[in-house]
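Written below as structure tokens is the structure these notes are about.
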Amino acid sequence: MFRYTKKTLTVEIITILATAILLLPFWILLMGSFKTLPQILNTAAVAPPTQPTIDNFVQLLSPSSSSSGNIWAGLLASVVITVGSILLLVVLGSVAAYGIARSTSRWSRRSFYLFLVAIILPTQLGTLPLYIGARSVGLVGNPWGMVIIYTGMLLPLSVFLYANFFRNLGVEYEEAAVIDGANRYQVFWRIVFPLMSPATGTVSILAGLIVWNDFFTALIFLNGTPWQTLPVVMYSYVGSLVSQWNLIFAIVIVSMIPILAFYAFAQRKFIQGYAGGLKG
Amino acid sequence: MVTQMVTETEVITTARSVGRGRPRGPRTKSYHVRLGSWWWALPALVLVLIVIYASTVAGGFFAFTNWTGVGDFDFVGLQNFVKIFQTPELVGSLWNTLFLAFGFLIFTNILGLLFALALNRGLKSRYVLRTLVFMPVVVSPIAVSYIWKFIFDYNGPLNQFVGALGIPRQNWLASPTLAIWCVLVVLVWQNIGFIMVTYLAGLATVPVEMEEAAAIDGAGAFRRFRYVVLPMIQPSVAIATTLTLIQGLRVFDQVVALTNGGPAGATQTLALEVYNTAFTYQQFGFGAALALVLSLLILIFSVGQQYATRDRSQKEA
């Protein structure tokens, strides 16, 4: 019925143009990062550099530069905190959701509601007391504190996604394993854990993206400490530059490379993860 | 052809339909080993109770005090709230927040829906384009804001463009009237792909046969959308508008990176006020009161939004 007609072709051309306009800022950034500062100021922003240079990146990242230490440390902090949070969210979230989904106790329903309400609760109000509390037990300014805080903040989401998954996962495999003599811990780790990888993928991508890009919480808890994450490093670094767009472009590119590389590698999972996470 | 086309949309459909299935009933057979117990949730529950519940309750309590973050404090009743609504700058940032939230809701949803409709089916390049449109979503808002800060710069690309059109150059980020629109543009730009995916997931549940039937009955593209597609994607509309509203009310990163609330408070938002009051000026009690106002706004609007866009067709059934 709906064939590829001239009208479809028109829509296709318009959509491609719209997407090109949408991505223009990325193009401007990429071109600018290979220009010198005078070139950036004197040539059209969309024009490719006449003499591409990697000086901006060298100046930013070479070991002798004053900023490079912060950037490499920021990268390390971001990786440690993100990976740590994902691991804890996957382990705590899946065990909690599995227990809730497979138990018929009235407590399982009640605890599930506690997670559900926590998703709706706005986080702003809790941030200040959380900071005071974390400071008093020494969890401010180090990656472990951040891992615990991010895990606490994102566990409701993780439990919700896992619980949805387990409710729709038949119990046949688990029952078969029980008949074969497995106890419930063996069932969980040997049978359920391998089966739940789609849910783990969704949780990791959603939570990983939130933690990796988070600025507000990281600014409050890490600003001025040696464990600043990449967005905080970028914020304080750019604040120290006055319109040195060539260097600003370079640090923006550097901060984008890890996440865009990962996106290029797993873009379908990203998009599905979002769609899957939204369905509640 | 059909087998080859089993990709994203189809996978999203499956994920959705699976997600919407009824939870399985109680198991009929019972074996000697139960599969899981509710107390497996205890470690997660304790963490959530501390990090979210306890700190939120504490935040609500401090909102009625004059605590500075150290030492003693007094219980001051509603004084903080009276002060908020008597301070013109704070009322101004309340309006800025609402402007950004509703502007963000409207523009992102319209543009995201347009991209979703265009890329739903039919176009040969739809999978590549979906990937590209989603790309800005994964980059940190701080990084995105710095790209746009250059675009809005007085010597930047936007002024090169309007200059070429014969329009006088503007001080985009330094103008009290234009600056908040700049923040809005960046917010919308980054989230079009996110909302597009939300709508694509909804559109995937609309059977192509229904649209074809309507087309045979003589319904044009707009009428097909209005009377066939839109009622069916109502759940996606509810989710997308609620998420954009909440995200818009909480806007912080883009404002900090683009204008830091300036010029003269023209882009101050509540989230930025909370941060400045509590952490820059060390007025924890007052900051908590601001945070309570913001949180109540988020709660009221998101509940109201869910109510306004609830799926009426399901209720009747």
Side-chain angles (χ1 to χ4, degrees), chain A residues 1 8 11-12 15 19 23 25 28-29 41 45 92 95-96 98-100 102-103 105 107-108 111 118 121-122 124-126 128-130 149 152-153 155-156 159 164 167-168 171 174 178 183-184 209 213 215-216 231 234-235 238 245 248 252 255-256 259 263 267 271-272 274-276 278-279, chain B residues 8 11-12 15-16 18-19 21 23 26-27 31 33 35-38 40-41 43-45 47-48 51-52 55-56 58-60 118 122-123 125 129 131-134 138-140 142-143 146-147 150-151 155 157 160 197-198 201 212 239 252-253 274 278-279 284 287-288 291-292 294-295 298:
Chain A
M1 166 76 209
T8 326
V11 174
E12 181 131 31
T15 315
T19 310
L23 295 183
I28 291 172
L29 170 74
L41 297 177
L92 290 181
V95 170
Y98 184 77
I100 286 173
R102 289 289 185 262
S103 154
S105 150
W107 289 103
S108 82
S111 38
L121 232 49
Q124 274 73 16
L125 195 52
L128 316 178
L130 197 59
I149 286 159
M153 283 162 63
L155 259 172
V159 169
N164 255 351
R167 284 193 179 141
N168 295 297
V171 291
E174 297 153 46
V178 171
N183 65 37
R184 54 162 108 179
L209 204 54
N213 284 340
F215 177 64
F216 184 69
M234 189 171 14
Y235 172 67
V238 173
W245 291 111
I248 297 175
V252 171
S255 82
M256 277 168 52
I259 192 80
Y263 178 62
Q267 38 94 6
I271 293 179
Q272 278 165 21
Y274 256 116
L278 288 167
K279 70 185 176 224
Chain B
E8 263 163 48
V11 177
I12 291 171
R16 274 187 69 86
V18 166
R27 276 169 286 128
Y31 299 104
V33 176
L35 290 173
S37 303
W38 74 273
W40 288 19
L45 211 50
L47 199 53
V48 168
V51 172
I52 298 184
S55 53
T56 303
L123 301 194
S125 53
L129 292 185
T131 304
L132 290 174
V133 172
F134 194 75
V138 302
V139 180
S140 86
I142 289 288
Y146 288 129
I147 310 176
F150 172 70
I151 294 175
N155 296 310
Q160 290 173 8
V197 168
T198 315
E212 284 176 351
I239 292 170
F252 178 78
D253 304 13
V274 171
F279 292 96
F284 264 79
L292 185 59
L294 176 59
S295 302
I298 292 175

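Letters go in sequence order (proteins before strands), and every chain restarts at 1.
Distance CG/B:N155 to CG/A:L41: 6.5 Å, rounded to 0.5 Å. Note: A:I100 CD1 to B:W40 CH2 = 12.0 Å, rounded to the nearest 0.5 Å. With rounding to the nearest 0.5 angstrom, the CD1 atom of B:I147 is 4.5 Å from the CG atom of A:L29. For the atom pair OG (A:S255) and OH (B:Y146), the distance works out to 10.0 Å, reported to the nearest 0.5 Å. Note that CG of B:D253 is 6.0 Å distant from CZ of A:F215, once rounded to the nearest 0.5 Å.
Heavy atoms of A:W107 lying under 4.5 Å from chain B belong to its backbone as well as its side chain. Using a 4.5 Å cut-off between heavy atoms, A:Y263 touches chain B through its side chain atoms alone. If you measure heavy-atom distances from B:F279 to chain A, the contacts under 4.5 Å come from the side chain alone. Contacts of A:M256 with chain B are made by side-chain atoms alone, with heavy-atom separations under 4.5 Å and no backbone atom involved. Within the 4.5 angstrom heavy-atom criterion, only side-chain atoms of A:S105, from C-beta onward, approach chain B. Interface residue B:L123: backbone and side-chain heavy atoms are both found under 4.5 Å from chain A. When heavy atoms are compared at a cutoff of 4.5 Å, A:L209 approaches chain B solely by way of its side chain, counted from C-beta outward. The contact between B:L292 and chain A is made by backbone and side chain atoms together, counting heavy-atom distances below 4.5 Å. For A:I28, the part sitting under 4.5 Å from any heavy atom of chain B is the side chain, from C-beta outward, and nothing else. At a 4.5 Å heavy-atom cutoff, the contact between B:I151 and chain A is made by side-chain atoms alone.
Per-residue counts of heavy-atom pairs under 4.5 Å with chain B were compared for A:I259, A:V238, A:L121; the largest is that of A:V238. In terms of heavy-atom pairs under 4.5 angstrom with chain B, the leader among A:L23, A:I248, A:V159 is A:L23. Among B:G60, B:G287, B:A278, B:S125, the residue with the largest count of heavy-atom pairs under 4.5 Å with chain A is B:S125. Listed options B:L294, B:V133, B:V51, B:I298 were ranked by heavy-atom pairs under 4.5 angstrom with chain A; first place goes to B:V51. No other option in A:P156, A:S108, A:S111, A:A118 has as many heavy-atom pairs under 4.5 Å with chain B as A:A118. Listed options A:T19, A:L92, A:V252 were ranked by heavy-atom pairs under 4.5 angstrom with chain B; first place goes to A:T19. Put simply, of B:V138, B:T56, B:V274, the one with the most heavy-atom pairs under 4.5 Å next to chain A is B:V138.
The two residues B:A118 and A:T15 make their nearest non-hydrogen contact at CB-OG1, 3.7 Å. Nearest heavy atoms, A:L155 versus B:L47: CD1-CD2, 3.9 Å. Taking both residues in full, the closest heavy atoms of A:I271 and B:T131 are given as CD1-CA, 4.2 Å, listed atom of the first, atom of the second, then distance. Taking every heavy atom of both residues into account, B:S55 and A:G126 meet most closely at CB-O, 3.4 Å. The shortest non-hydrogen separation linking A:P231 to B:I142 is O-CG2, 4.1 Å. Across all non-hydrogen atoms, the minimal contact from A:L125 to B:A288 is CD1-O, 3.6 Å.
Between A:M234 and B:S140, some side-chain heavy-atom pair lies under the 4.5 Å cut-off.
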Open item on the list: For A:Q124 and B:S295: C-alpha separation, side-chain torsions, deciding distance, then whether side chain to side chain donor-acceptor pair (under 3.5 Å) applies.
Closed with: CA-CA 7 Å; A:Q124 274 73 16; B:S295 302; 4.9 Å; no

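Side chains of B:S37 and A:R102: a donor-acceptor N/O pair is absent below 3.5 angstrom, by distance only.
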